Structure formats: C-alpha cells, structure tokens
K.L.:
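Sharing a structure with you now.
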Amino acid sequence: MISSLRGQVLSIGLDHAVVEVGGVGFAVQATPATLASLRRGEEARLATSLVVREDSLTLFGFADAEARELFGLLQTVSGIGPRIALATLAVLEPDKLRAALAEGNITVLTQVPGIGRKGAERLIIELRDKVGQLASAPDAVSDSGRVRTHVTEALLGLGFPAKQAEQSVDAVLAADGSLGTSEVLRRALAALGRKR
C-alpha cells in the first residue's frame, strides 16, 4: 500500500493533483482544501490511501494522517465508498465530523452530497464508538452530548422516527441538562407517548 507521497507537484486539477515521485507522476484524488494547500512546482508531502478495485487503482491524498484514518473508517460503513468518504471530508473538517458522529448530529452529516437521513443514522450507529477511540481529546464530547446520543439511539432502536426522537431528547435536556441517561430516556418516552 502507498501510505504517503513526497515530491514535486506537477499539476493541480479540480479534484486531483499530480505529484512526481522518482520520475513517476502519481494522480492523487483529494479534497478542495488539500488541493488549495498545494503549489505547482513546489514539493509536497501527502498522506495517501490506495483503493484497489477490479478495474482501477485510485490514490487518495490527505493533508495529514488523521484525515486518512477517518477516510478509511468511513468506508467501513455499508454504502459508503471512497467517493462519498472523500466528499464527507471535503464538506466537514475532521474535528467537525468527529463531533457530529459522537453527538449523533444527523443534520450536519446530511450536508454531505450522497448522504441522506438513513445513511447518516447508519454512520452514527456504526462509527460513534470508533471515532471516540480515534479522538485524542478525552473531553471531546460533553456529558449531555453523550446522554443525547445514547438516548436518541435507544429511541431509534425502539422504532421512533429520528426527528421525533431528537426533538424529544433535546426538549428534555433543555429543561434539565444535568439528568442521567435513564431519566432522560424515561422523560423522552413519556413525551413521545403523549404525542401518539
């Protein structure tokens, strides 16, 4: 696997750059932010991920190893390929993406082209714990954020629509943000029961 490239930038396109390493020009797909940091004719170093398909070998480049790790992690979710993973990193900075996953923020995730509500829910359910392990800051998510995430996930598991679940949990936490998970769940269920 090619995990990094260092060489002269030969050209920069809308979605890729060509980096010459040892006389060979590598086409590297990258986010607009990564491409904007490159200068034609100057040396650059990119963390990379090689995606092997039956009919292609595609190299994806990132400004740092953290973004590359998130790119790989996103692809572990069913329905998320390298193009959507790259689009996700183009729209959301790694910290913002990590926070959205940890807090269960569907609205932020659906800003990404190609990710709808169901895809965002799947991302949150499958990656919440894994993203927490990647995060270097232990206090990346507040207690109320964790409670919100756990209770919303529980309500989704019980069959409540995501929007209703989020709204009821947010209403309970707005009234008293110091409540524990079980009490927030009890009150959210009571509120949802009144709406039916």
Side-chain angles (χ1 to χ4, degrees), residues 1-53 55-124 126-128 130-142 145:
M1 180 174 169
I2 301 171
S3 63
S4 70
L5 288 179
R6 188 180 71 205
Q8 183 181 7
V9 178
L10 295 181
S11 66
I12 302 171
L14 291 175
D15 62 351
H16 73 282
V18 177
V19 179
E20 184 178 39
V21 181
V24 178
F26 289 90
V28 183
Q29 303 291 312
T31 65
T34 301
L35 294 171
S37 69
L38 304 176
R39 299 286 174 261
R40 200 165 78 206
E42 293 183 7
E43 186 168 289
R45 184 181 186 289
L46 295 172
T48 60
S49 175
L50 179 64
V51 176
V52 179
R53 294 283 186 255
D55 59 344
S56 68
L57 297 172
T58 310
L59 199 57
F60 292 88
F62 308 93
D64 54 36
E66 176 191 17
R68 179 184 60 201
E69 298 303 321
L70 278 172
F71 175 77
L73 191 63
L74 286 166
Q75 291 178 79
T76 64
V77 176
S78 172
I80 304 292
R83 298 283 177 206
I84 293 179
L86 191 66
T88 303
L89 290 169
V91 173
L92 303 172
E93 292 289 321
D95 290 341
K96 191 173 181 183
L97 173 60
R98 208 180 264 113
L101 291 168
E103 294 169 4
N105 193 333
I106 290 173
T107 307
V108 170
L109 294 172
T110 54
Q111 292 173 0
V112 178
I115 296 182
R117 178 167 277 293
K118 291 216 183 284
E121 290 171 357
R122 196 175 327 114
L123 279 169
I124 290 166
E126 293 188 29
L127 298 183
R128 176 183 295 130
K130 294 177 185 175
V131 164
Q133 293 167 357
L134 277 181
S136 54
D139 58 347
V141 183
S142 66

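Quick caveat: nothing in here was measured; it's all calculated off a predicted structure.
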K.L.:
Please find the pair of heavy atoms, one from Gly104 and one from Arg128, that lie closest to each other, and give the distance.
P.N.:
CA-NH2, 4.2 Å
K.L.:
Specify the closest pair of heavy atoms between Val28 and Gly61, including all atoms of both residues, with the distance to one decimal.
P.N.:
CG1-N, 3.1 Å
K.L.:
Could you list the donor-acceptor pairs under 3.5 angstrom formed between side-chain atoms of residues 107-114 and any protein atom two or more places apart in sequence or on another chain?
P.N.:
residue	atom	partner	partner atom	Å
Thr110	OG1	Ile106	O	3.1
Thr110	OG1	Thr107	O	3.0

K.L.:
Which pair of heavy atoms, one from Ala90 and one from Pro32, lies closest together, and at what distance?
P.N.:
CB-CD, 3.8 Å
K.L.:
Out of curiosity, Leu101 CG to Glu126 CD, how far, rounded to the nearest 0.5 Å?
P.N.:
11.0 Å
K.L.:
Going by side-chain contact (heavy atoms from CB on, under 4.5 Å), name the residues that satisfy it together with Leu57, two or more places apart in sequence or in a different chain.
P.N.:
Leu50, Val52
K.L.:
Write out all pairs satisfying ring-ring contact (aromatic ring centres under 6.0 Å, His included) with one or both partners inside residues 9-50, taking only residues at least two apart or from two chains.
P.N.:
none
K.L.:
Give, for atom CG of Leu70 and atom CD of Glu93, the distance between the pair rounded to the nearest 0.5 Å.
P.N.:
11.0 Å
K.L.:
Which pair of heavy atoms, one from Ala120 and one from Ile115, lies closest together, and at what distance?
P.N.:
N-CG2, 3.6 Å
K.L.:
Please list, one pair per line, the donor and acceptor atoms closer than 3.5 Å that link side chains of residues 2-13 to other protein atoms, with sequence neighbours excluded.
P.N.:
residue	atom	partner	partner atom	Å
Gln8	NE2	Gly41	O	3.4

K.L.:
Rounded to the nearest 0.5 Å, how far does CG of Leu92 lie from CG of Asn105?
P.N.:
9.5 Å
K.L.:
In chain order, what residues pass the salt bridge (charged side-chain N to carboxylate O under 4.0 Å, His left out) check against Asp15, with sequence neighbours excluded?
P.N.:
none
K.L.:
Can you give me every donor-acceptor pair (side chain of residues 76-87, partner residue at least two apart or in another chain, under 3.5 Å) with its distance?
P.N.:
residue	atom	partner	partner atom	Å
Thr76	OG1	Leu73	O	2.6
Arg83	NH1	Gln29	OE1	3.4

K.L.:
Considering residues at least two apart in sequence or located in another chain, which fulfil the side chain to side chain donor-acceptor pair (under 3.5 Å) criterion with Thr31?
P.N.:
Thr34
K.L.:
Show me the pairs that pass ring-ring contact (aromatic ring centres under 6.0 Å, His included) and involve residues 62-112, at least two apart or across chains.
P.N.:
Phe60-Phe71, Phe62-Phe71
K.L.:
Evaluate whether atom CZ of Arg117 has more than 12 neighbouring non-hydrogen atoms of other residues, nucleotides or ligands under 6.0 angstrom away.
P.N.:
yes
K.L.:
Calculate, to the nearest 0.5 Å, the distance between atoms NZ and CD belonging to Lys130 and Glu69 respectively.
P.N.:
13.0 Å
